[in-house]
Amino acid sequence: MRKTHFITFRNFFNKPPVKPSTKPRPFTAYSFVPFSPLAMLDPTILTIGGIVLGIAIIERILERWGVIDLVDQFAKVMRFILPVTFYGALFYFFATFMF
């Protein structure tokens, strides 16, 4: 017949920690973070984006006012400025925040 062994609550929590039977193997952990999305809040990036957005809003306002000739001039300039600005800002972002 088996004997029942009672453990009090105090003895249960006061017993010494049991050592693990196997030792953990040491390993090297590497971390790679290419860039943070918060880096887009750089004042230079925000300024460039604000200027482009402002020009687009001005173009829409002029279109509503019916000044089509001026809107066409804005559109011609924006066809050149938008890609140059986008790639310039992208280059600036990667050049300043990746290294």
Side-chain angles (χ1 to χ4, degrees):
M1 201 150 104
R2 265 174 108 175
K3 251 188 169 179
T4 306
H5 180 68
F6 290 102
I7 300 173
T8 63
F9 183 76
R10 183 171 289 156
N11 288 340
F12 178 75
F13 277 102
N14 285 337
K15 65 182 182 179
V18 179
K19 288 189 174 182
S21 60
T22 59
K23 287 186 176 181
R25 290 182 288 153
F27 65 96
T28 306
Y30 297 101
S31 175
F32 175 72
V33 179
F35 64 90
S36 169
L38 294 177
M40 287 290 197
L41 297 176
D42 179 55
T44 306
I45 300 289
L46 291 176
T47 303
I48 292 170
I51 291 170
V52 171
L53 188 62
I55 291 172
I57 291 172
I58 289 171
E59 186 179 351
R60 293 293 175 195
I61 291 172
L62 290 174
E63 187 178 10
R64 285 187 186 168
W65 288 350
V67 190
I68 302 300
D69 294 334
L70 197 52
V71 172
D72 287 339
Q73 293 300 323
F74 265 102
K76 286 178 186 175
V77 170
M78 291 299 282
R79 274 191 213 119
F80 174 74
I81 289 179
L82 281 177
V84 170
T85 305
F86 172 75
Y87 289 116
L90 195 64
F91 176 76
Y92 172 80
F93 174 75
F94 283 119
T96 57
F97 294 107
M98 291 295 287
F99 303 110

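In what follows, residues are counted from 1 in the order of the sequence shown.
- Val84 and Phe91 sit in two unconnected hydrophobic clusters of ILVMFWY residues. Membership requires side-chain heavy atoms under 4.5 Å apart, directly or through other members.
- Note on residues 64-87: no pairs pass salt bridge (charged side-chain N to carboxylate O under 4.0 Å, His left out), not counting sequence neighbours.
- Among all heavy-atom pairs drawn from Ile45 and Ala89, the shortest one is CD1-O, 3.7 Å.
- Between the OH atom of Tyr92 and the CG atom of Asp42 there is a distance of 4.0 Å, given to the nearest 0.5 Å.
- With values rounded to the nearest 0.5 angstrom, Ile51 atom CD1 is found 8.5 Å from Thr85 atom OG1.
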Distance-only check: which donor-acceptor pairs under 3.5 Å involve side-chain atoms of residues 56-63, not counting sequence neighbours?
| unit_1 | atom_1 | unit_2 | atom_2 | d |
| --- | --- | --- | --- | --- |
| Arg60 | NH1 | Glu63 | OE1 | 3.1 |

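- Put simply, Trp65 and Ile55 are part of the same group of oily side chains (I, L, V, M, F, W, Y) that touch within less than 4.5 Å, one to the next.
- Residue Val71 is grouped with residue Val52 when hydrophobic side chains (ILVMFWY) are merged at heavy-atom distances under 4.5 angstrom, including chains of intermediate members.
- Criterion: ILVMFWY side-chain heavy atoms under 4.5 Å apart, direct or through other members. Under it, Phe80 and Val77 are part of a common hydrophobic cluster.
- The CG atom of Leu82 lies 10.5 Å from the CZ atom of Phe86; values are rounded to the nearest 0.5 Å.
- Residues Ile81 and Leu46 fall into different hydrophobic clusters, defined by Ile, Leu, Val, Met, Phe, Trp and Tyr side chains chained together at heavy-atom separations under 4.5 Å.
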